Amino acid sequence: MKVVKFGGSSVADASQFKKVTDIIRSDDRRKVIVVSAPGKRNANDTKTTDLLISLGESINNGSKDEQIYNKVMDRFAEIAKDLNISGEVLGRIEKRIKEACEAVSRDYIAGLNALKSCGEDGTALLLSAYLQSSGLESSYVNPKEAGIFVSDEPGGALVLDESFDHLYELRRRDEILVIPGFFGYTPEGKLVTFSRGGSDITGSIVAAGVKAELYENFTDVDSVFCVNPTIVDNPKKLSTLTYKEMRELSYAGFSVFHDEALIPAFKEKIPVCIKNTNNPAGQGTMIVNKREEKDGHVIGIASDKGFLNLYVSKYLMNRELGFGRRLLQILEDEGISFEHAPSGIDDMSVIIREHQLPKEKEAVVTRRIAEELHVDTITVERDMAMIMLVGEGMNQTIGIASQAATAFRHANVNIEMINQGSSEVSMMFGIKSDGLASAVQSLYRTFFS
Ligand SMILES: Nc1ncnc2c1ncn2[C@@H]1O[C@H](COP(=O)(O)OP(=O)(O)O)[C@@H](O)[C@H]1O
Ligand SMILES: N[C@@H](CC(=O)OP(=O)(O)O)C(=O)O
């Protein structure tokens, strides 16, 4: 049995639904289907999830934006019309969206989660109806019915262990099951979504639960590339990656697969295959537990903007027991999570995502650090980017850092920070954001040309 997830780009319009149906029909092991909400049809389009979020915000600000509401409904109506799906299905979708809009007025956070889930829910209803009308026996399965139970963390839910046994029961069903991705229910019955891009997580949870032979993740690229294809033209395709490599790469910027989505599949050792809905015959990328050719080379370069460096220095910091703990405690008190914390004898840097430390909070945090830790210097440098070189065994290979440093020099980009850290499979470089593209291109030439 295979679990197959189709991302937003794969269900963006009726012609994509037809490709999805052909893919499902072509292999009778494709029994459990997880879908996202309709994504962008072209570069200037808006994802349905983003429309739903804007709709929820408008309700919260006091007046429901009817234009956005109509845009959401039009997207579903157009797909239904082009696929000849009955008005009853569209009526069900509309009813759910209206109920979620009312829920937003009562309780913004809970209501917004319900509203966000309508994108995936509507897609699942439409797809199962279309599969039926195409002669494939199929049912829509709500995540509650499937037994996807999650923690009560709206917009960032985590799966609860009990889900996996419930999901195993789905194996008893004969027809093709279509499950909306991106959300689950707390044991008390409250709908909660995963973080953005979370349909990948649903797919992985379901694959682990039903003990699938393969988790196929269909998107709009032929494979995972060794570098973001929007930064380097025609980059090298990766045929195989390990779970560990992919998790590092996703976390550090490979948006093609959610970084949290690997864990359930990894625990059950279910291989993951990333494939293209627009070219299903292509080989795709396999993500597995072990890769044969561990040649010690860099296999991927991930990058992301939007970081800051909170830097503190204090003479004799090395002698002050508990300094690091107290600094990180202040961040914890203020609800700020950090990414990396490289340190020197008298200095410590904490790398934080910029959205975690808005300007108002920055003032509070820096004042507390200055007053409570009596530091000599404290600075906050924004507009930082992180570049991660990833590859199993890479850190045992001599010369990677020096080759990387040469690549940065060729790109004329100053390295602000290097962190080989505790990960066995990655090396991180911090630079100013404006040098990101040229640094990544230069690293690509060094390691892949
Ligand atoms: N290293 C990479 N390899 C492949 N795609 C990448 C990579 N980094 C970023 N991407 C982007 O990820 C996109 C696919 O992910 P996403 O937009 O979430 O698809 P979906 O609509 O299927 O959920 C690609 O179109 C590509 O632009
Ligand atoms: N629709 C949700 C969840 C998701 O996984 O979407 P996509 O498959 O388009 O990345 C989002 O936009 O966050």
Side-chain angles (χ1 to χ4, degrees), residues 4-25 33-59 64-102 104 112 114-136 138-142 176 178-183 193 196-199 202 218-221 276-280:
V4 192
K5 180 255 172 175
F6 291 96
S9 50
S10 304
V11 290
D13 60 22
S15 67
Q16 292 299 88
F17 269 64
K18 289 181 183 165
K19 291 181 193 168
V20 164
T21 303
D22 289 343
I23 291 168
I24 296 169
R25 196 196 294 280
I33 314 300
V34 173
V35 287
S36 284
K40 291 185 179 196
R41 292 160 292 190
N42 53 61
N44 301 321
D45 202 6
T46 311
K47 286 175 107 180
T48 313
T49 308
D50 290 314
L51 290 175
L52 289 163
I53 292 170
S54 305
L55 178 61
E57 284 168 354
S58 73
I59 298 168
K64 178 176 165 197
D65 190 324
E66 292 297 337
Q67 228 179 340
I68 302 179
Y69 176 82
N70 291 336
K71 271 191 186 169
V72 173
M73 278 317 299
D74 287 350
R75 290 216 58 178
F76 288 118
E78 197 178 308
I79 295 170
K81 179 174 147 279
D82 292 348
L83 297 177
N84 253 329
I85 292 170
S86 81
E88 192 243 314
V89 177
L90 200 60
R92 236 174 120 179
I93 296 171
E94 182 159 29
K95 182 166 176 279
R96 253 210 88 202
I97 295 176
K98 281 188 171 154
E99 282 168 3
C101 287
E102 284 160 21
V104 173
L112 187 65
L115 192 54
K116 279 193 288 178
S117 77
C118 291
E120 306 3 65
D121 202 67
T123 309
L125 286 166
L126 288 173
L127 182 64
S128 75
Y130 184 61
L131 292 175
Q132 290 273 18
S133 68
S134 312
L136 294 165
S138 158
S139 305
Y140 157 90
V141 181
N142 184 271
I176 294 166
V178 185
I179 306 177
F182 192 38
F183 66 100
T193 69
R196 292 300 305 271
S199 297
T202 305
F218 278 86
T219 179
D220 63 349
V221 280
N276 191 349
T277 295
N278 309 311
N279 177 24

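What you see is a predicted model; the values in this text were computed from it and never measured.
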Enquirer: Not counting sequence neighbours, which residues clear side-chain hydrogen bond (donor to acceptor under 3.5 Å, both in side chains) with D13? List them please.
Expert: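 For D13, the residues satisfying side-chain hydrogen bond (donor to acceptor under 3.5 Å, both in side chains) (neighbours in sequence not counted) are S15.
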Enquirer: Can a donor-acceptor pair be found, under 3.5 Å and without considering hydrogens, that links the side chain of T193 to the backbone of F183?
Expert: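 No; zero donor-acceptor contacts below 3.5 Å.
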Enquirer: Could you list the residues that satisfy side-chain hydrogen bond (donor to acceptor under 3.5 Å, both in side chains) with K19, not counting sequence neighbours?
Expert: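 K19: side-chain hydrogen bond (donor to acceptor under 3.5 Å, both in side chains) contacts with Q16, N278.
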Enquirer: If you look only at pairs with a residue in residues 4-24, which of them pass as a ring-ring contact (aromatic ring centres under 6.0 Å, His included), with sequence neighbours excluded?
Expert: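 Qualifying pairs: F6-F218.
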Enquirer: Which distance, rounded to the nearest 0.5 Å, do you find between the NZ of K116 and the OG1 of T48?
Expert: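 So the NZ of K116 and the OG1 of T48 are separated by 14.0 Å.
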Enquirer: How long is the straight-line distance from CD1 of I68 back to CE of M73, given to the nearest 0.5 Å?
Expert: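 It is 15.0 Å, given to the nearest 0.5 Å.
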Enquirer: List the steps, then state whether side-chain contact (heavy atoms from CB on, under 4.5 Å) holds for L125 with F76.
Expert: CA-CA 10 Å; L125 286 166; F76 288 118; over 6 Å; no
Enquirer: Should R75 and D45 count as side-chain neighbours, where that means a heavy-atom distance under 4.5 Å?
Expert: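 Side-chain contact under 4.5 Å: yes.
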Enquirer: Between I79 and P38, is any pair of side-chain heavy atoms under 4.5 Å apart?
Expert: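 Yes - at least one pair of side-chain heavy atoms lies under 4.5 Å apart.
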Enquirer: Contact between L127 and V20 at the side-chain level, heavy atoms closer than 4.5 Å - yes or no?
Expert: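 When only atoms from C-beta onward are counted, V20 and L127 do touch, with a gap below 4.5 Å.
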Enquirer: Report the distance from atom CG of D65 to atom OG of S54, rounding to the nearest 0.5 Å.
Expert: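 Here the interatomic distance stands at 8.0 Å.
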Enquirer: S86: which residues meet the side-chain hydrogen bond (donor to acceptor under 3.5 Å, both in side chains) condition with it, sequence neighbours left out?
Expert: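 In terms of side-chain hydrogen bond (donor to acceptor under 3.5 Å, both in side chains), with neighbours along the sequence ignored, S86 is linked to no residue.
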Enquirer: Can you tell me how far CG of L136 sits from OG1 of T21, rounded to the nearest 0.5 angstrom?
Expert: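 The distance works out to 7.5 Å.
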Enquirer: Locate the shortest heavy-atom distance separating Y140 from A124; write the atom from each residue and the value.
Expert: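 That would be CD1-CB, 3.7 Å.
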Enquirer: Do S10 and K5 have side chains that get closer than 4.5 Å, going by heavy atoms?
Expert: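 S10 does not reach K5 side chain to side chain.
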Enquirer: So with a 6.0 Å cut-off around CD of Q67, is the heavy-atom count from everything else above 12?
Expert: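 No - once you tally the heavy atoms of other residues, nucleotides and ligands closer than 6.0 Å, there are 12 at most.
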Enquirer: S199 and V34: which non-hydrogen atoms are nearest, and at how many Å?
Expert: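 Between these two residues, the closest heavy atoms are O-CG1, 4.0 Å.
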Enquirer: Quick one: closest heavy-atom pair of L112 and G56, and the distance?
Expert: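 Closest pair (atom of L112, atom of G56, distance): CD1-CA, 3.9 Å.
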Enquirer: Which pair of heavy atoms, one from C101 and one from K64, lies closest together, and at what distance?
Expert: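 Shortest heavy-atom separation between C101 and K64 comes out as SG-CE, 4.1 Å.
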Enquirer: Hey, are the side chains of I97 and L115 touching, using non-hydrogen atoms and a 4.5 Å cut-off?
Expert: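 Yes, their side chains come closer than 4.5 Å.
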Enquirer: Just verifying a value: how many Å separate I24 CD1 and I176 CD1, rounded to the nearest 0.5 Å?
Expert: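 If I round to the nearest 0.5 Å, the distance is 6.0 Å.
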Enquirer: Identify the heavy atoms of A12 and G39 that sit nearest to each other, and give their distance.
Expert: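 Between these two residues, the closest heavy atoms are CB-O, 3.7 Å.
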Enquirer: Is D220 close to K40 at the side-chain level, that is, under 4.5 Å between some pair of heavy atoms?
Expert: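 Not in contact.
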Enquirer: Please report the interatomic distance CG(D50) to NZ(K71), rounded to the nearest 0.5 Å.
Expert: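 Answer for the CG-NZ pair, D50 versus K71, is 11.5 Å.
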Enquirer: Taking side-chain hydrogen bond (donor to acceptor under 3.5 Å, both in side chains) as the test, write out the residues that go with R25, two or more places apart.
Expert: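 Result, side-chain hydrogen bond (donor to acceptor under 3.5 Å, both in side chains) vs R25: none returned.
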Enquirer: Is any side-chain heavy atom of I93 less than 4.5 Å from a side-chain heavy atom of C118?
Expert: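 SC-SC contact between I93 and C118 ruled out.
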Enquirer: Which pairs count as salt bridge (charged side-chain N to carboxylate O under 4.0 Å, His left out) when at least one residue sits in residues 82-96, sequence neighbours excluded?
Expert: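 Those involving residues 82-96 are E94-K98, K95-E99, R96-D121.
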Enquirer: Are T123 and P180 side-chain neighbours, meaning at least one heavy-atom pair lies under 4.5 Å?
Expert: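 The answer is no, as the side chains (C-beta and beyond) never meet within the 4.5 Å cut-off.
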Enquirer: Testing the basics here: between I53 and R196, what is the closest heavy-atom pair and its distance to 0.1 Å?
Expert: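 It is CD1-NH1, 3.6 Å.
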